[in-house]
Amino acid sequence: MQTHGLRKVFRDLGRKVAAVDGLDLAVERGSVHGFLGPNGSGKTTTIRMLLGLATPDSGEIRLFGEPLAGRVPEALSRVGAVVEYPHFTPDLSGRRNLQLLARSAGLPKSRADEVLEQVGLAGSARSRFRRYSFGMRQRLGLAAALLKEPDLLILDEPMNGLDPAGITDMRDLIRGLAASGVTVLLSSHVLAEVQQVCSSVSIIGDGRLLASGKVQDLLGESTAHTRVGVPDPQQATMVLTAAGYAVARDGDDLLVQGHDHPGEITRALAAHDLYVTELSAVRPDLETFFLVLTGHRPRPESGPLDGPAQHPDGTAPKSTPKTPADSPTDSPTGRPVDAAEPAAEDPA
Ligand SMILES: Nc1ncnc2c1ncn2[C@@H]1O[C@H](COP(=O)(O)OP(=O)(O)OP(=O)(O)O)[C@@H](O)[C@H]1O
């Protein structure tokens, strides 16, 4: 799935608001890709365009290597989605609801039982939908999306309302689907979950891409630091700086840029009779990365580790992270745009 320069403008109280503003996304086949952004950053609008529910003002969407424009029904026959509260007939069982959906999609009735098993709802398949808990409704929505064995699955907040066991099941299910070749695009505000299940992420703010890439590259070794505890931090700073390391003080500890060579740090210090009492990797988590990137957590004051390319944890990476040079605004909503630009109608 790819988008190029995707743009959607709404008119809101006489103002034009670019909900999505030149968005470039790329999701690799078979990956689980997190689609993240603060409230009002344009995720739903983007997903609606991906599903043919809203028309872009400009830009292109490509699904399965082909442009979506002009072939929406054909392309969407390979896409499953749980993006809004799933609607089912309350007085029918979950199983019956799915059987009806299968029939209307020209699929065999037996698919209903297969997907119920897949999402862990086989035991409650014969209960009426109205008796389902919120988490069970979420699972049934996913089961419905899986009926046609989609190649691309789009999930909006799939962990919502699930208990801890349900979250673990959902995580395993998503990983299993990806392992079988299904591409999963997942929007969620639960960043610890995203970090566990997604191999790559795109983070947007004000309708624009702020960062994109493999989670391990964004948060990985190249952006890690080494915390070093030593009895004489001042002396240790001089030794490590002379050895070519970028070093900052953090209380009584030292923060050394990178975590590639902990053994060498230990050796360099020991050569000067400085013996480490602690040596550990410091890696930012996705939540910290997200909050700084989207302007909802300030960058720390400049310190000795800060270079021109600063990692969102406030420390300097050895290599430049895949983030834009300019800092995003902290506006949680779309930006007003030039009055000369055409306004789009609200999507149906
Ligand atoms: N139909 C509409 N008419 C006018 N403005 C809209 C419409 N739909 C969305 N917007 C505006 O577009 C911007 C992006 O909204 P969108 O719902 O896509 O964000 P989101 O990232 O999905 O937010 P959330 O995380 O809260 O669901 C917001 O400023 C929103 O107010």
Side-chain angles (χ1 to χ4, degrees), residues 1 3-27 33-61 68 79 81-87 134 137-138 141-142 145 152-162 184-195 197-198 200-212 286-287 289-297 324 328-339 341-348:
M1 191 282 286
T3 71
H4 297 290
L6 197 64
R7 182 173 165 82
K8 180 74 181 174
V9 180
F10 291 111
R11 191 186 294 278
D12 185 24
L13 300 174
R15 280 186 339 153
K16 291 169 185 170
V17 174
V20 176
D21 194 5
L23 186 61
D24 295 331
L25 291 178
V27 178
H33 190 91
F35 186 38
L36 317 175
N39 292 138
S41 57
K43 301 179 300 295
T44 305
T45 306
T46 303
I47 288 174
R48 289 178 64 84
M49 289 191 279
L50 293 175
L51 295 173
L53 299 170
T55 314
D57 292 312
S58 56
E60 187 188 39
I61 296 171
L68 178 64
V79 179
V82 188
V83 292
E84 271 151 20
Y85 189 72
H87 293 288
F134 188 80
R137 291 172 188 213
Q138 288 279 95
L142 178 59
L152 171 64
L153 189 60
I154 297 178
L155 304 174
D156 195 7
E157 294 286 351
M159 311 296 183
N160 247 5
L162 297 180
V184 182
L185 180 70
L186 176 161
S187 106
S188 175
H189 291 292
V190 189
L191 299 184
E193 271 311 317
V194 170
Q195 192 168 342
V197 80
C198 293
S200 54
V201 293
S202 292
I203 302 176
I204 66 168
D206 286 347
R208 290 172 188 249
L209 188 67
L210 301 179
S212 184
L286 191 58
E287 187 164 288
F289 186 88
F290 175 90
L291 288 172
V292 176
L293 190 67
T294 54
H296 288 81
R297 182 177 290 177
T329 69
D330 59 0
S331 164
T333 58
R335 249 175 352 286
V337 294
D338 193 277
E341 289 169 307
E345 288 161 17
D346 288 357

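Both ligands and their constituent atoms are indexed starting at 1 by order of listing.
Near H189, meaning under 4.0 Å from any of its heavy atoms, are these atoms of ligand 1: 25 (O). Listed by number with element, the atoms of ligand 1 under 4.0 angstrom from any heavy atom of P38 are 21 (O). Close contacts between ligand 1 and S41 involve ligand atoms 19 (O), 20 (P), 21 (O) [criterion: under 4.0 Å to a heavy atom]. Per-residue contacts place N39 under 4.0 angstrom from the following atoms of ligand 1 (heavy atoms of the residue considered): 23 (O), 24 (P), 25 (O), 26 (O).
Distances between N or O atoms of A19 and those of ligand 1 include no value under 3.5 Å. At a 3.5 angstrom cut-off on N or O pairs, D12 does not count as close to ligand 1.
Taking only non-hydrogen atoms, the option from R11, K8, K43, E157 nearest to atom 21 (O) of ligand 1 is K43.
Proximity of I47 to F35: side-chain heavy atoms (C-beta onward) are separated by under 4.5 Å at one or more points.
Every side-chain hydrogen bond (donor to acceptor under 3.5 Å, both in side chains) that S187 has, sequence neighbours left out, goes to D156. Here E60 pairs with R62 under the salt bridge (charged side-chain N to carboxylate O under 4.0 Å, His left out) rule; sequence neighbours left out.
Each of L23, L210, L36 was evaluated against I204; a single residue qualifies, L23, per the side chain to side chain contact (heavy atoms under 4.5 Å, CB included) test.
Remark: K43 NZ to H189 NE2 distance equals 4.0 Å, nearest 0.5 Å.
Assignment of G37 to the shell around ligand 1 is not supported, since no heavy atom sits closer than 4.0 Å.
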Using the salt bridge (charged side-chain N to carboxylate O under 4.0 Å, His left out) rule, take R208 and D21 through it: C-alpha gap first, then chi angles, then the decisive distance, then the call.
CA-CA 6 Å; R208 290 172 188 249; D21 194 5; 3.3 Å; yes

